Number of protein chains: 2
Amino acid sequence: MNLLRNTEKHLSAEDIYIDAVRINPSIGLTTVYRTLDLFSQIGVVQKCDFGDGRARYELADNPLKKSHHHHLVCVKCKTIVDYTDFIGEELELMQKTEKALSLKHRFKIFNHTIHFYGICSKCRLEA
Amino acid sequence: MNLLRNTEKHLSAEDIYIDAVRINPSIGLTTVYRTLDLFSQIGVVQKCDFGDGRARYELADNPLKKSHHHHLVCVKCKTIVDYTDFIGEELELMQKTEKALSLKHRFKIFNHTIHFYGICSKCRLEA
DNA sequence: ATATCTGCAAAGTTTTTGCCGTTAC
DNA sequence: GTAACGGCAAAAACTTTGCAGATAT
């Protein structure tokens with residue numbers, strides 16, 4: 001039961017497990033972790049750690065596709081906002097950097113993430 | 001006992017705890033976590049999750065300083081390589097993006113990270 | 001028949017919480 | 001005296017592992 005991770009985005013392993021059980025009620029959480037780990041190692045899925053102790057997963061979009069986006073994280077309440085501003089310019093720089101790093105460190109690179117960290121307006125007022 | 005996180009970089013909470021105990025043997029791991037959490041919320045320390053289940057911490061350098069760097073992560077063996085290529089160009093783009101995001105989402109942004117994900121040469125050969 | 005896949009339960013790790021004594025103002 | 005800090009032990013949360021049965025080649 002492998003073909004099901006075309007769901008949404010920012011899903012925790014448990015979210016995915018819940019979805020998966022709806023499709024195949026006999027699936028186990030272990031399998032979800034194993035599959036996710038495999039997928040992230042071959043670059044199909046991007047594992048994201050936002051610092052809340054729970055890993056999130058999303059489809060590893062090709063940076064050329066318009067779904068390509070990055071994240072803005074509130075370090076207090078852990079809210080995650082997706083953004084797509086300046087993605088064109090970002091892509092250019094990232095491709096250049098990726099190329100340089102691939103050569104220099106002999107990595108096969110298949111993805112990248114950008115996180116901005118800050119405090120959202122709600123948390124700033126509450127403090 | 002707060003003034004001690006001027007150590008090196010990519011330290012796990014436990015690494016820091018071990019260092020801290022050397023300075024003040026009565027300190028507890030809890031305090032390390034509490035202090036680190038506090039520091040990361042005010043932007044003094046950058047909490048980094050590289051996907052190995054253990055959070056790392058490093059001094060949140062001002063992006064203008066030359067210590068500013070980003071990371072290249074092997075998704076297999078979790079090796080982390082620091083890089084500083086194209087940091088000048090990156091900075092320009094990041095500042096522009098940061099400004100746009102601050103306004104649009106009313107965040108107070110104080111840091112950003114860029115991660116490239118791939119497979120290192122060692123792991124590629126072993127597979 | 002052999003190798004791979006899977007679920008369950010148990011174990012492991014890392015991080016957080018509750019409680020209470022101590023320190024600071 | 002009251003509030004903030006800090007440590008210890010216990011708890012919690014997430015993820016991984018061992019094992020045995022099932023599936024596929």
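Residue numbers begin at 1 in each chain, while the letters A, B, ... track the order of the sequences. Keep in mind the model is a prediction, meaning the values are calculated, not measured.
- Scanning for side chain to side chain donor-acceptor pair (under 3.5 Å) contacts around A:Q46 gives A:N111, with sequence neighbours left out.
- Residue pairs that meet the ring-ring contact (aromatic ring centres under 6.0 Å, His included) test with at least one member in residues 14-34 of chain A, sequence neighbours left out, do not exist here.
- Residues that satisfy the side chain to side chain contact (heavy atoms under 4.5 Å, CB included) test with B:T30, not counting sequence neighbours, are B:R34.
- Qualifying side chain to side chain donor-acceptor pair (under 3.5 Å) partners for A:D49, counting only residues two or more places apart in sequence or in other chains: none.
- The distance from atom CG of B:L38 to atom P of D:dG6 is 10 Å, rounded to the nearest whole Å.
- Under the 6.0 Å cut-off for aromatic ring centres, A:F50 and A:H115 qualify, their centroids lying closer than that.
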For nucleotides 20-25 of chain C, list the nitrogen or oxygen atoms of the protein found under 3.5 Å from its nitrogen or oxygen atoms, one pair per line.
none

### Query
Can you give one letter per nucleotide of nucleotides 8-25 of chain D, 5' to 3': B if a protein heavy atom sits under 4.0 Å from the base, S if only from the sugar-phosphate, - if neither?
BB----SBBB--------

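- There is no side-chain donor-acceptor pair under 3.5 Å between B:Q95 and B:H112.
- A:D82 and A:H70 share no side-chain donor-acceptor pair at under 3.5 Å.
- For A:D15 (side chain) and A:S12 (main-chain N/O), a donor-acceptor pair under 3.5 Å exists by modelled atom type.
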